[in-house]
Structure formats: C-alpha cells, structure tokens
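Below, read A as the first sequence line, B as the second, and so on, with proteins coming before strands; counting in each chain starts at 1.
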2 protein chains.
Amino acid sequence: MRIGELARRAGVSTRALRYYEEQGLLRPQRRPSGYRDYGEQALTTVRHIRLLLSAGLGTAVIAEILPCVPDDTTVLAPTCPELLDGLAGERARITASIQRLTAARDILDALIATGGPARRP
Amino acid sequence: MRIGELARRAGVSTRALRYYEEQGLLRPQRRPSGYRDYGEQALTTVRHIRLLLSAGLGTAVIAEILPCVPDDTTVLAPTCPELLDGLAGERARITASIQRLTAARDILDALIATGGPARRP
DNA sequence: CTTGACCTTCACGTCAACGAGAAGGTCTAC
DNA sequence: GTAGACCTTCTCGTTGACGTGAAGGTCAAG
C-alpha cells in the first residue's frame, strides 16, 4: 500500500510516517516512480511505534527494539544481547513514570473529592 | 531561604525556579536587594509542581491547581468550581497514560522474557 | 576593600516529534 | 489529454520546559 492508505489505517499523518522512516523505524519498498510501498506488517509496526512513543521511549531506542519485535518479518535480533540492559532500564523508567502518574492522580482525586477546597463548611 | 538553597533542597535548578515564578507557580518575597526569599512551604510546593509536571500537566493547569492544594498557606480556592471539569479531564488523561505505559511495559516484558527474540531453539 | 560566592535580569539556544507549505512529478479516469 | 488526487523532496516553524552564557549588583569574610 502507499503512504496515504497506511496513514489512514494507522491513524497517523503521512508526515509522521516519513519521519519514522527518516529515523530508521520503517524501511518501505520503493516503486519505480519513487512512491513508497508498504507491506501489511507495516501497520502492526506503526502501532508498536506509537505505543512505545507514548511510553516515552525515543525513536533511537525504538529503532533498536523494533527488529526484535515479533510479527516483524525483517531480519531478527541484530544487537539484542547488549540491548537487554537498556530494555530493563527503560522498563524501570516506565514503572517509575507509572508511580509518578498514580501519585499525581491521587492528588487530583483528593482535590476532586473535597469538591475543590472551596468547601469550608 | 534564597533561591540557591531551595534549588539544592528541592533538587531542581535555579533556572527552573525562576521559570516557575515566571509562570505564576511561585511568588517568593523579595529582599531589599532584590533577592528572592522563599518560605519553608515553598519546598513542598516545588515538589507538587514537579510531580504534576511529570504527570504531563502543563504549567498553566498547575497554576490553577496549586492554590487549591493543602499545605499551601496562600489564599484558598479562587476559581475552583469551574476547575473541577478540567481536573476530571486531566485525571482521565493520566489514567489513559497509565494504561499506555502499562501496555508498553508489557511489550518490553515480552521481549525481555524471550531473552530478546534472538532465541530460536 | 577586595575576593568569591551568590544573586539579578535579559536573551538566545536546545531537543523531540512532528505541522505546514512550496515546487514539482505520477497515475487513474473520463 | 487533462483534471485532480496522490505522491516526492526540501525547508522552515512550533511547543514546553528549561539550559546557557552575558553583564552586572550584593554581601559576609579576611
């Protein structure tokens, strides 16, 4: 499929897809015309990218992770051994983020529960 | 205390503290010399700011929330009623973030568990 | 009274993940 | 054969939370 279709199906902009390619996250085929040509698995890949991005991982880290992700028919496991430490680190950062988010949500909950401290009965 | 001490005790840069003031999050006294003079409660306030920032809230939202947060001896409850909707919205966004983070962490867990899919036995 | 640590206000730089627009090539349908 | 929907590369802009000097005032200690 071409870039427009993938963009629609994945719910992202074409600009984002070109950006991902620029960062080495996608490597679509090219038609003689120069048009990008994506396989079906690209849709899954893009969803993975979005998920990891929303987890706060940078494109550089994702670029190292992606080749290790199943359902990706590209070569497998290029630099996986030394990647494990990095993954553990990222995992720790995610867990910390979750804890911070939970704490912040508790603050909001306290504010909402009191009806906003405007309440002074 | 002056800005340097607060920065050290809160673990942030003086630049950040001046930025928070510029955004209306802090309102320290001023000495005749022009030096900023912070009370003890400023430390708590800064910790709240950092927590909410790390939860993805912007300084503008935090500026509305802060006066409603306990342990802040400033005036109480200025624009709290109409703020409640916004708070609920932010709460929802935080919950969504937590879910995304959890899903992303699951992906990493799968990768780590398989030893990085280099494993093909 | 001077050194050195601390403070002040500008004001421009950074970084990430794109958005937006220009100038032009491609392909399908009529 | 041409309209229009799609694509290409290129380049500059945006947003938020600061970093990083520059140029200069303040103050306790020796």
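Within 4.0 Å (heavy atoms only), A:Thr59 reaches sugar-phosphate atoms of the nucleic acid but no base atom. Nucleic acid contact class of A:Leu57 (heavy atoms, under 4.0 Å, all strands): sugar-phosphate only. Nucleic acid contact for A:Arg2: sugar-phosphate only, since backbone atoms but no base atoms lie under 4.0 Å from a heavy atom of the residue.
Environment of CZ in A:Arg27: sparse, with no more than 12 heavy atoms of neighbouring residues, nucleotides or ligands closer than 6.0 Å. Within a 6.0 Å sphere centred on CD of A:Gln29, heavy atoms belonging to other residues, nucleotides or ligands number 12 at most.
For B:Ile3, taking side-chain heavy atoms from C-beta onward, the closest of the listed nucleotides C:dC7, D:dT8, D:dC18 is C:dC7. Of the candidates C:dT8, D:dG19, C:dC18, the closest approach to any side-chain atom of A:Leu53 belongs to C:dC18.
A:Arg30 places its CZ atom 14 Å from the P atom of C:dT26, with the value rounded to the nearest Å. Rounded to a whole Å, the OH atom of A:Tyr19 is 15 Å from the C1' atom of D:dG13. Note: CG (A:Leu26) to P (C:dA17) measures 14 Å, nearest angstrom. Computed from coordinates, the B:Arg50 CZ to D:dA17 P distance equals 11 Å when rounded to whole Å. Between A:Glu22 atom CD and D:dT9 atom P there is a gap of 10 Å when expressed in whole angstrom units. Summarising the geometry, the separation between OH on B:Tyr35 and P on C:dA5 is reported as 14 Å, rounded to the nearest angstrom. Rounded to an integer number of Å, the gap from CZ of B:Arg18 to C1' of C:dA11 is 14 Å. For A:Glu5 and C:dC27, the CD to P distance is 17 Å, given to the nearest whole Å.
Residue side chain B:Arg15 reaches the base of D:dT20 through a donor-acceptor N/O pair under 3.5 Å, judged by distance alone.
Comparing A:Arg8 and B:Gln23 along DNA chain D, the residue whose closest nucleotide (by nearest heavy atom) sits nearer the 5' end is A:Arg8. Each of B:Ile49 and B:Ser33 lies near DNA chain D, and the nucleotide nearest B:Ile49 is the one positioned closer to the 5' end.
In terms of phosphate contacts, B:Arg36 brings no side-chain nitrogen or oxygen within less than 4.0 Å of OP1 or OP2 of C:dC7. For the OP1/OP2 pair of D:dG19 and a distance below 4.0 Å, the side-chain nitrogens and oxygens of B:Ser13 include at least one atom meeting the criterion.
Checked for salt-bridge contact, A:Arg8 and A:Glu5 miss the test: no charged N lies under 4.0 Å from a carboxylate O.
B:Leu52 is not listed as a side-chain neighbour of B:Val61, based on a closest heavy-atom distance of 4.5 Å or more.
Of all non-hydrogen atoms in A:Leu101 and B:Ile94, the two that sit nearest each other are O-CG2, 3.5 Å.
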